A.B. asks: 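The structure under discussion is supplied below as structure tokens; questions concerning it will follow.
Remember, it's a predicted structure, so these values are computed and weren't measured experimentally.
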Amino acid sequence: MEMLDAVTEQCVVALTWTLKDTLDDTLDVLDEPVEFFVGGHDLLERIDAALQGHTVGDTVDLHLEPEHAFGDYDENLVFLEARERFPKELEEGMTFEGLPAGCNPDAPRNVVYVVTDIYPEHVVLDGNHPLAGIALRIRLKVCAIREATEQEVGRGSAGIGFFKIAPSTPGDATLH
């Protein structure tokens, strides 16, 4: 795979980052470089645009308002469901892709829900991204740039998206 001099559309860039909120509290640190496809689904649009033309070793600092990051918090994505519809070994922080059968039929099915509270009779699930409603400051470091493979171009992804929330097992909640 050919290494490239600068970030362009449809290349793969290896990044590290530090993500903070506007109070300067660290929300996430990616110490080891991870590859992302530029110009596809892996990165937020503003990050894609900001990386254009940068070279290996460059640092990019961005401020992202919620509308350019993970959107505003939507209280309509919070659901109270019967505890009996969920596994016995349920823990706060666990995630579910869509809600189990028998839950609110109006709940979007293509959303990852996080268990935020567990009561004896009910479970509270939040379909908002954990960073919804938060303005973000991110410092990115470009560690490597290479040509994308045909498969990556076809998928629009190097395989890992920016802060995708994947359904997890207890204790394995991760943002990246």
A.B. asks: Cluster question for you: counting only ILVMFWY and a side-chain heavy-atom cut-off of under 4.5 Å, with indirect links fine, are Leu4 and Leu43 together?
C.D. replies: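 Leu4 clusters together with Leu43.
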A.B. asks: Within a radius of less than 6.0 Å around CD of Glu150, do more than 12 heavy atoms belonging to other residues, nucleotides or ligands occur?
C.D. replies: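 Open: at most 12 neighbouring heavy atoms sit under 6.0 Å from CD of Glu150.
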A.B. asks: Just so I know, are the side chains of Val60 and Lys141 near enough to count as touching, which here means a heavy-atom distance under 4.5 Å?
C.D. replies: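 Counting from C-beta outward, Val60 and Lys141 never come under 4.5 Å.
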A.B. asks: For Gln52 and Val38, run side-chain contact (heavy atoms from CB on, under 4.5 Å): C-alpha distance rounded to whole Å, both residues' side-chain angles, the deciding distance at 0.1 Å, then the answer.
C.D. replies: CA-CA 9 Å; Gln52 298 297 317; Val38 176; 3.3 Å; yes
A.B. asks: Does Val34 belong to the same Ile/Leu/Val/Met/Phe/Trp/Tyr cluster as Leu62, with side-chain heavy atoms less than 4.5 Å apart forming each link?
C.D. replies: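 Same hydrophobic cluster.
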A.B. asks: Taking atom CZ as the centre, does Arg155 end up with more than 12 heavy-atom neighbours from other residues, nucleotides or ligands that are less than 6.0 angstrom away?
C.D. replies: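 Enclosed: over 12 neighbouring heavy atoms sit under 6.0 Å from CZ of Arg155.
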A.B. asks: Do you know the tightest heavy-atom contact between Ala6 and Gly53?
C.D. replies: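 For Ala6 and Gly53, the tightest heavy-atom pair comes out as CB-O, 3.8 Å.
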A.B. asks: Could you check Leu30, Leu44, Leu27, Leu19 and say which one makes a side chain to side chain contact (heavy atoms under 4.5 Å, CB included) with Ile138?
C.D. replies: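 Option passing the side chain to side chain contact (heavy atoms under 4.5 Å, CB included) with Ile138: Leu19.
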A.B. asks: Heavy-atom count check: over 12 atoms from other residues, nucleotides or ligands less than 6.0 Å from Glu45 CD?
C.D. replies: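 Check fails, neighbour count at 12 or below.
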A.B. asks: Would you say Leu125 and Tyr73 are hydrophobically clustered, going by side-chain heavy atoms of ILVMFWY under 4.5 Å?
C.D. replies: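 In one cluster with Leu125: Tyr73, no.
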A.B. asks: Is Leu80 reachable from Val112 through a run of I, L, V, M, F, W or Y residues, each pair having side-chain heavy atoms under 4.5 Å apart?
C.D. replies: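 No: no chain of side-chain contacts under 4.5 Å links Val112 to Leu80.
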A.B. asks: Any idea which heavy atoms bring Gly127 and Val111 closest together, and the distance?
C.D. replies: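 What the structure gives for the nearest pair is O-CG1, 3.2 Å.
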A.B. asks: How long is the straight-line distance from CG of Asp28 back to CG of Leu131, given to the nearest 0.5 Å?
C.D. replies: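 Answer rounded to 0.5 Å: 8.0 Å.
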A.B. asks: According to a hydrophobic-cluster definition based on side-chain heavy atoms being under 4.5 Å apart (Ile, Leu, Val, Met, Phe, Trp, Tyr only), do Leu140 and Val12 belong together?
C.D. replies: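 Different clusters: Leu140 never reaches Val12 through Ile, Leu, Val, Met, Phe, Trp or Tyr contacts under 4.5 Å.
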A.B. asks: Distance check, rounded to the nearest 0.5 Å: Leu90 atom CG versus Arg83 atom CZ?
C.D. replies: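 Between atom CG of Leu90 and atom CZ of Arg83 there are 4.5 Å.
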A.B. asks: For a quick test of reading the model, state the closest non-hydrogen atom pair linking Ala144 to Val56 and the distance between them.
C.D. replies: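 That would be CA-CG2, 3.8 Å.
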A.B. asks: Output, in order, the C-alpha distance, side-chain angles, deciding distance and verdict of side-chain contact (heavy atoms from CB on, under 4.5 Å) for Thr55 and Val142.
C.D. replies: CA-CA 7 Å; Thr55 59; Val142 179; over 6 Å; no
A.B. asks: If you measure from CD on Glu2 to SG on Cys11, what distance do you get to the nearest 0.5 Å?
C.D. replies: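 Result: 11.5 Å between the selected atoms.
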A.B. asks: Are any of the side-chain heavy atoms of Ile118 and Glu92 separated by less than 4.5 Å?
C.D. replies: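 A side-chain contact exists here, since the closest heavy-atom pair is under 4.5 Å.
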A.B. asks: Would you compute the distance between atom CH2 of Trp17 and atom CD1 of Ile47 and round it to the nearest 0.5 angstrom?
C.D. replies: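 Here the rounded value is 7.0 Å.
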A.B. asks: Rounded to the nearest 0.5 Å, what's the gap from CD on Glu65 to OG1 on Thr22? Could you check?
C.D. replies: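 It is 8.0 Å, given to the nearest 0.5 Å.
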A.B. asks: Give the minimum heavy-atom separation between Asp21 and Arg137, together with the two atoms involved.
C.D. replies: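 Shortest heavy-atom contact: O-CD, 4.3 Å.
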A.B. asks: side-chain contact (heavy atoms from CB on, under 4.5 Å) for Phe70 and Leu64? Distances and angles first, verdict last.
C.D. replies: CA-CA 9 Å; Phe70 298 99; Leu64 301 170; over 6 Å; no
A.B. asks: If you look at every heavy atom in Val7 and Val13, which pair is closest and at what distance?
C.D. replies: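 What the structure gives for the nearest pair is CG2-CG2, 4.2 Å.
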A.B. asks: For the pair Thr116 and Val78, evaluate side-chain contact (heavy atoms from CB on, under 4.5 Å) and give the outcome as yes or no after the intermediate values.
C.D. replies: CA-CA 9 Å; Thr116 58; Val78 178; 5.8 Å; no
A.B. asks: Below 4.5 Å, heavy atoms only, C-beta onward: do Asp48 and Phe36 meet side chain to side chain?
C.D. replies: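 No - every pair of side-chain heavy atoms lies 4.5 Å or more apart.
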A.B. asks: Check the orientation of Phe79 and Tyr113. Use parallel for under 30°, tilted for 30 to 60°, and perpendicular for over 60°.
C.D. replies: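 The rings of Phe79 and Tyr113 stand perpendicular, inter-plane angle above 60°.
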A.B. asks: Which one of Thr59, Asp61, Thr16 satisfies the side-chain hydrogen bond (donor to acceptor under 3.5 Å, both in side chains) criterion with Arg139?
C.D. replies: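 Answer to the side-chain hydrogen bond (donor to acceptor under 3.5 Å, both in side chains) test with Arg139 among Thr59, Asp61, Thr16: Asp61.
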A.B. asks: So which heavy atom on Phe37 is nearest to which on Asp42, and how close?
C.D. replies: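 Reported closest heavy-atom pair: N-OD2, 2.7 Å.
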A.B. asks: So how far is it from Leu77 CG to Asp126 CG, rounded to the nearest 0.5 Å?
C.D. replies: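 These two atoms lie 7.5 Å from each other.
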